[in-house]
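Below is one structure, written out as structure tokens; the observations come after it.
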Amino acid sequence: MRFLTLMFAVAGLMIFTAGCKTVREVEVGKEFSVIGEEDEAAMDAAGKQYGEDILKSLSTSDYQLLLSRLTPEFKDQIPEPDFLKQCEDYKTQSGEQLETIFLSSMRRGPKSRIFLWKVEYTKALPQKEGEPQIITYDRLFIIPLVKIEDQYYATGFQFL
């Protein structure tokens, strides 16, 4: 489990430092928008759906589904071969994803929200003798969500 955490930390670092190679100008009007009271219900629904979609994209290796939920800048930093390799590593290290339970969201400021899930896994651990031991464990999954114009986007995701 530590290896998986380390893998995602290294992958995240690689993705974020890859952005240093090129600098793209942000078009006027493409900045994060303030999330007002009138946006709360739509943001909540989008955050819950996006989190489920990102988890599904990881467990099914669905690259297009993942890209549909990320900011345009973040999309450019995730090549499909790297994503597919990360999915294989994720499945090998985590085991089978059993259930996802949305826990909560919180305001991170006027322009973003954090959404949090509990994800349940099961995995067979080989034993020196006899049958493998089946374990069930939980991890936390987090996505930050922002609004750009009238669309919502995830700016990343993380397992704890």
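This is a predicted model, so every value here is computed, not measured.
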Subject >> Side chains of Glu120 and Thr136, donor plus acceptor under 3.5 Å >> reply: no
Original post:
In Å and rounded to the nearest 0.5 Å, what is the OG1 to CG distance from Thr155 to Leu70?
Top reply: 9.0 Å
Subject >> Flag if over 12 foreign heavy atoms under 6.0 Å of CD, Glu131 >> reply: no
**OP:** Enter the distance from Tyr63:OH to Leu84:CG here, rounded to the nearest 0.5 Å.
**Re:** 8.5 Å
Original post:
Do Gln97 and Val119 pass the side chain to side chain contact (heavy atoms under 4.5 Å, CB included) test, and can you show the C-alpha distance, the side-chain angles, and the key distance before you say yes or no?
Top reply: CA-CA 7 Å; Gln97 182 178 309; Val119 184; 3.8 Å; yes
Original post:
Of the non-hydrogen atoms in Ile134 and Ala124, which two are nearest, and what is the gap between them?
Top reply: CD1-CB, 3.6 Å
Original post:
Can you name the side chain to side chain donor-acceptor pair (under 3.5 Å) partners of Glu99, sequence neighbours left out?
Top reply: none
Original post:
Is the shortest heavy-atom distance from the side chain of Ser105 to the side chain of Leu116 under 4.5 Å?
Top reply: no
Original post:
Ion pair present between Lys56 and Asp62, side-chain N to carboxylate O less than 4.0 angstrom?
Top reply: no
Subject >> Interatomic distance, Ser68 atom OG to Tyr50 atom OH [nearest 0.5 angstrom] >> reply: 7.5 Å
Subject >> Approximate separation, where rounding is to 0.5 Å, of Ile54 CD1 and Thr100 OG1 >> reply: 12.5 Å
Original post:
With distance as the sole criterion, is a donor-acceptor pair present between the side chains of Gln49 and Asp53 under 3.5 Å?
Top reply: yes
**OP:** Taking all heavy atoms of Ile114 and all of Pro144, pick out the closest pair and write down the distance.
**Re:** CD1-CB, 3.7 Å
**OP:** Can you see which heavy atom on Ser57 is nearest to which on Leu66, and at what distance?
**Re:** OG-CB, 3.6 Å
Subject >> Residue pair Gln127 / Leu125, side-chain heavy-atom distance below 4.5 Å >> reply: yes
Original post:
Which pair of non-hydrogen atoms, one from Ser61 and one from Lys91, has the smallest distance, and what is that distance?
Top reply: OG-NZ, 2.9 Å
Original post:
With a 4.5 Å limit on heavy-atom distance, are the side chains of Leu58 and Phe83 in contact?
Top reply: yes
**OP:** Mind listing the closest non-hydrogen atom pair of Lys147 and Met43 along with its distance?
**Re:** N-CE, 4.4 Å
Subject >> Residues Glu80, Lys85: salt bridge by 4.0 Å N-O rule >> reply: no
Original post:
Do Tyr152 and Val34 share a hydrophobic cluster, counting only Ile, Leu, Val, Met, Phe, Trp and Tyr and linking them when any side-chain heavy atoms are less than 4.5 Å apart?
Top reply: no
**OP:** Kindly say whether Glu73 contributes a backbone atom to a donor-acceptor pair with the side chain of Asp76 at under 3.5 angstrom?
**Re:** no
**OP:** Might you point out which heavy atoms bring Ser33 and Glu149 nearest each other, and give the distance in Å?
**Re:** OG-N, 3.3 Å
Original post:
Can you check whether Val146's main-chain N or O pairs, donor with acceptor, with Lys111's side chain at less than 3.5 Å?
Top reply: no
**OP:** Under the side chain to side chain donor-acceptor pair (under 3.5 Å) rule, collect the residues that match up with Lys75, sequence neighbours excluded.
**Re:** none
Subject >> Rounded distance (nearest 0.5 Å) linking atom CG of Leu145 with atom NZ of Lys48 >> reply: 12.5 Å
**OP:** Apply side chain to side chain contact (heavy atoms under 4.5 Å, CB included) to the pair Arg113 and Arg107, showing each step before the final yes or no.
**Re:** CA-CA 5 Å; Arg113 300 289 183 266; Arg107 295 173 187 89; 3.4 Å; yes
Original post:
In terms of hydrophobic clustering (I, L, V, M, F, W, Y; side-chain heavy atoms under 4.5 Å; direct or indirect links), are Ile135 and Phe159 co-clustered?
Top reply: yes
**OP:** State the CD-OG1 distance between Glu96 and Thr122, to the nearest 0.5 angstrom.
**Re:** 7.0 Å
Subject >> side chain to side chain contact (heavy atoms under 4.5 Å, CB included) between Phe115 and Leu103, intermediate numbers included >> reply: CA-CA 8 Å; Phe115 292 82; Leu103 298 176; over 6 Å; no
**OP:** Give me the ring orientation class for Phe157 and Phe141: parallel if the planes are under 30° apart, tilted from 30 to 60°, perpendicular past 60°.
**Re:** tilted
**OP:** Look at the aromatic rings of Tyr121 and Tyr137 and report parallel, tilted or perpendicular, splitting at 30° and 60°.
**Re:** parallel
Original post:
Is the ring centre of Phe74 less than 6.0 Å from the ring centre of Tyr153?
Top reply: no
